[in-house]
Structures are given as structure tokens and as C-alpha cells.
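Just so we're on the same page: letters track the sequence lines, and every chain starts at 1.
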Number of protein chains: 2
Amino acid sequence: MEYSIGDFSKLTGLGIHTLRYYEHEDLITPERNSSNRRCYSDKDLTWIEFIKRLKDTGMSIKEIKHYAELRAAGDPTLFERMEMLVQHRQALNEQIAMLQEHKIKLDEKIEFYRNEIGRVNNGIIEN
Amino acid sequence: MEYSIGDFSKLTGLGIHTLRYYEHEDLITPERNSSNRRCYSDKDLTWIEFIKRLKDTGMSIKEIKHYAELRAAGDPTLFERMEMLVQHRQALNEQIAMLQEHKIKLDEKIEFYRNEIGRVNNGIIEN
DNA sequence: TCTTGACATAGAGTTTACTCTACATTGTAT
DNA sequence: ATACAATGTAGAGTAAACTCTATGTCAAGA
């Protein structure tokens with residue numbers, strides 16, 4: 001299947017402007033038809049979903065761009081790409097661990113609020 | 001204990017400029033001494049650590065500012081503040097869940113790379 | 001044929017969260 | 001007393017990641 005930029009935008013949830021911006025940054029390079037319109041493929045779809053994943057896990061556009069360059073260079077860069085992902089996984093693990101700690105503290109804080117509110121309410125009732 | 005902005009900066013890991021910026025945004029309002037220098041207290045320290053936690057879990061400065069305003073208004077806003085935190089916890093839980101899914105996909109991708117690299121290497125050896 | 005809507009490019013503008021600069025003032029060590 | 005480091009304010013500058021505007025092209029329906 002091939003998609004116009006409008007269709008691809010709906011498909012991916014990324015704005016048209018964002019897609020063009022990503023292309024400008026060499027993250028993705030869709031084919032063009034005879035009238036110079038962008039033709040996104042299913043391969044592009046898979047690729048952009050992966051880009052979204054990297055972004056959502058905190059990788060910067062600059063880093064993704066680097067990854068995309070390696071990808072464009074083909075097999076010789078397989079190892080380097082894997083290394084990038086392994087490093088990114090490490091960062092992701094740390095991020096998850098940090099958030100889980102924060103979550104515990106937040107739970108505690110909410111519990112504290114629950115008690116405070118109870119205390120204040122009792123005060124009101126007693127007066 | 002009281003701290004100068006320099007000491008407080010080292011204590012919190014936030015830059016002096018950032019601390020002043022946070023004050024400008026009304027996130028924190030340290031006392032001033034007779035010569036108009038900022039005097040941060042241990043209460044400020046606890047507060048800024050909480051701010052850092054909110055930030056690290058994805059709350060924007062604008063939202064934190066709102067929370068800070070409620071906090072400054074005292075007991076009458078206890079419930080509203082708790083509600084904010086409960087909502088933020090919800091967002092945090094979703095964020096963690098999303099990252100865990102991404103982690104699984106990333107693991108799979110890395111496994112895929114491991115196989116690809118093995119395949120390519122075998123090709124080289126066989127030639 | 002004419003108009004409309006999607007698409008094209010180049011470049012400007014926006015938002016967030018800092019980060020830095022310029023310049024004045026003050027506290028401290030020599 | 002003097003130099004120097006830390007602090008003060010106001011406002012400009014930066015980086016990232018979009019997001020929008022102006023202007024132009026082109027294919028398809030009324």
C-alpha cells in the first residue's frame with residue numbers, strides 16, 4: 001500500500017507538518033510520484049512507528065537522526081545500531097526504575113494528604 | 001539551617017540561574033536577609049525536592065506553579081492539591097506502563113539485531 | 001473551464017525550560 | 001583599604017521540537 005502525506009498523517013497520528021519536518025531532518029525519506037507528491041509505504045509505516053517508540057522513550061531527534069543514518073547505510077552498521085539500542089535500553093531501564101521510586105513517594109504524599117484532610121475536617125466538625 | 005543561593009544550588013543540583021528562574025515563576029519564595037540576599041531554609045529544601053520529583057515525572061512548570069499557588073493558600077486547598085496529585089499519579093502509572101511496553105518491544109528489536117548480525121557474520125565466514 | 005482542496009517549498013513563529021549577559025552591589029580575605 | 005568573589009536585577013539568548021504562514025502547483029469534480 002502507498003499513502004499520501006494526508007493519509008499517512010492520519011495513520012500515524014503525526015501532523016503533516018511534523019512529517020515534513022521529520023523528512024527535513026532525514027528521519028524518513030518517502031518515495032515521490034510523478035508530480036513530486038510524497039508516497040509513504042508500509043515500510044515507512046513500520047519505520048515511523050519505531051521512531052515514535054524511540055521518541056516516547058526519550059531519545060532525541062538528533063539521536064534518532066543518527067540511528068536513521070546508520071540504518072540507511074545498511075548491513076555494515078548493524079552492530080553499531082544494536083549497540084545504540086542496547087545503550088538506549090539501559091537508559092530506559094533506569095528511567096523506569098526512577099519513575100517507580102517517584103511513584104512510591106507520590107503514593108506516600110497522597111496518603112499524607114488524606115490524613116491531613118481528615119485532621120482538618122475533624123477540626124471543623126469539633127468546632 | 002539557612003543557605004545562600006550558591007549553597008542551595010550545590011545542595012539541590014539546580015543551577016543558580018534555575019533557582020532564580022523558579023523564584024521568578026513563583027515556585028519558591030525564599031526569605032531575604034538584611035542585604036536582600038536569598039536565605040533558603042530546610043523547608044525550602046524539602047519543597048524543592050518535591051518540585052524536582054514532580055518535574056522528573058513529567059509535570060510542567062506551569063502545573064507545578066499552580067500547585068505552588070494552592071500550597072501558598074494553605075489548608076483550604078488541601079483537597080484540591082490532593083486531587084492534583086491523584087491525577088498526576090494516574091498519569092505516572094500510565095507513563096510507566098507505556099515505557100514497560102516499549103521496553104518489551106525494544107528487547108525484541110535487540111534480539112532481532114543479534115540474529116541479523118549472526119546471519120551476516122555467517123555469510124562472511126562462508127564466503 | 002473554473003474552482004476547490006490537497007500537496008509542494010522556504011522560512012518564520014511558538015512554546016518550554018532554562019541559561020547567559022551586563023551591570024550594580026555587597027561580604028570577605030589580605 | 002582594596003581587590004575579588006558571590007549575589008542582586010532585568011532582560012536577552014538558546015535549544016529542542018514542533019507548528020504555522022505565504023506562496024505556488026496540480027489533479028479532479030461541478
Side-chain angles (χ1 to χ4, degrees), chain A residues 1-41 44-45 47-69 88 91 95 102, chain B residues 1-41 44-45 47-69 88 91 95 102:
Chain A
M1 250 328 252
E2 293 203 328
Y3 314 96
S4 70
I5 192 166
D7 292 343
F8 201 65
S9 170
K10 276 160 204 153
L11 217 53
T12 58
L14 296 171
I16 285 178
H17 297 301
T18 305
L19 288 171
R20 288 201 273 249
Y21 163 67
Y22 281 4
E23 185 172 345
H24 183 75
E25 294 299 308
D26 300 318
L27 299 193
I28 187 166
T29 49
E31 299 287 317
R32 298 295 178 110
N33 69 13
S34 56
S35 7
N36 198 34
R37 302 287 171 89
R38 291 171 178 83
C39 289
Y40 292 92
S41 68
D44 288 324
L45 185 57
W47 171 229
I48 208 94
E49 292 300 340
F50 186 62
I51 288 177
K52 280 169 68 179
R53 204 176 288 290
L54 293 178
K55 253 195 56 55
D56 284 351
T57 50
M59 191 182 280
S60 70
I61 295 291
K62 198 174 161 187
E63 284 174 293
I64 296 173
K65 183 185 172 134
H66 181 215
Y67 184 89
E69 280 164 10
H88 186 59
Q95 199 189 342
H102 282 330
Chain B
M1 243 338 244
E2 294 202 329
Y3 313 97
S4 71
I5 193 165
D7 292 344
F8 201 64
S9 170
K10 276 161 203 153
L11 217 52
T12 58
L14 297 170
I16 285 177
H17 297 301
T18 304
L19 288 171
R20 288 201 273 247
Y21 163 67
Y22 281 4
E23 185 172 346
H24 186 254
E25 295 299 307
D26 300 317
L27 299 193
I28 187 166
T29 49
E31 300 287 318
R32 298 295 180 111
N33 69 13
S34 55
S35 6
N36 199 35
R37 302 286 170 92
R38 292 169 178 84
C39 287
Y40 292 92
S41 68
D44 289 323
L45 185 57
W47 171 230
I48 208 95
E49 292 300 339
F50 187 62
I51 289 177
K52 281 169 68 180
R53 204 175 288 289
L54 293 179
K55 253 195 54 58
D56 284 350
T57 50
M59 191 180 281
S60 70
I61 295 290
K62 197 176 162 186
E63 284 175 292
I64 297 173
K65 184 185 173 133
H66 181 216
Y67 185 90
E69 280 164 10
H88 186 59
Q95 199 189 341
H102 283 330

Give the rounded distance in Å between these two atoms: CD of A:E23 and P of C:dT9. 7 Å

Let me know, please, whether B:L14 or A:H24 comes out on the 5' side of the other along DNA chain C by nearest nucleotide. A:H24

Measure across A:I61 and A:Y22 and return the closest heavy-atom pair with its distance rounded to 0.1 Å. CD1-CE1, 3.8 Å

Residues two or more places apart in sequence or in another chain: which of them pass side chain to side chain donor-acceptor pair (under 3.5 Å) with A:E23? A:R32, A:R38

With a 4.5 Å cut-off on side-chain heavy atoms, are B:E69 and B:D26 touching? no

What donor-acceptor contacts under 3.5 angstrom involve side-chain atoms of residues 11-19 of chain B, with partners at least two apart or in another chain?
residue, atom, partner, partner atom, Å
B:T12, OG1, B:F8, O, 2.8
B:T12, OG1, B:S9, O, 3.4
B:T12, OG1, B:L14, N, 3.2

Mind listing the closest non-hydrogen atom pair of B:Q95 and B:T57 along with its distance? OE1-O, 3.4 Å

Measure up the A:Y67 and A:W47 rings against each other and bin them: parallel (under 30°), tilted (30 to 60°), perpendicular (over 60°). parallel

Test of understanding: with ring pair (Phe, Tyr, Trp, His ring centres under 6.0 Å), list the residues that count as partners of B:Y21, not counting sequence neighbours. none

So which pairs with a foot in residues 1-18 of chain B pass salt bridge (Lys or Arg N to Asp or Glu O under 4.0 Å), sequence neighbours left out? none

Min and max contacting nt of DNA chain D in 5' to 3' order, chain B heavy atoms within under 4.0 angstrom, are D:dA6 to D:dT9

To the nearest 10°, let me know how far the axis at one end of the helix from C:dT1-D:dA30 to C:dT30-D:dA1 is tilted from the axis at the other, five pairs an end. 10°

Separation of atom CD in A:E25 from atom C1' in C:dG11, rounded to whole Å: 14 Å

Enumerate all atom pairs, one protein N or O and one N or O from nucleotides 19-23 of chain C, separated by less than 3.5 Å.
none

Taking only residues two or more places apart in sequence or in another chain, which ones pass side chain to side chain donor-acceptor pair (under 3.5 Å) with A:S41? A:D44

Once you round it to whole Å, what is the distance between P of C:dT16 and CD1 of B:I64? 13 Å

Per the under-4.0 Å heavy-atom filter, residues of residues 26-40 of chain B near DNA chain D come out as B:R32, B:N36, B:R37, B:R38

Applying side-chain contact (heavy atoms from CB on, under 4.5 Å) to B:N33 and not counting sequence neighbours gives B:S35, B:R37, B:C39

Give me the atom names and distance for the closest heavy-atom approach of B:E25 to B:K65. O-CG, 3.3 Å

The salt bridge (Lys or Arg N to Asp or Glu O under 4.0 Å) partners of B:E49 (sequence neighbours excluded) come to B:K52

At a heavy-atom distance below 4.0 Å, what parts of residues 47-60 of chain B sit against DNA chain D? none

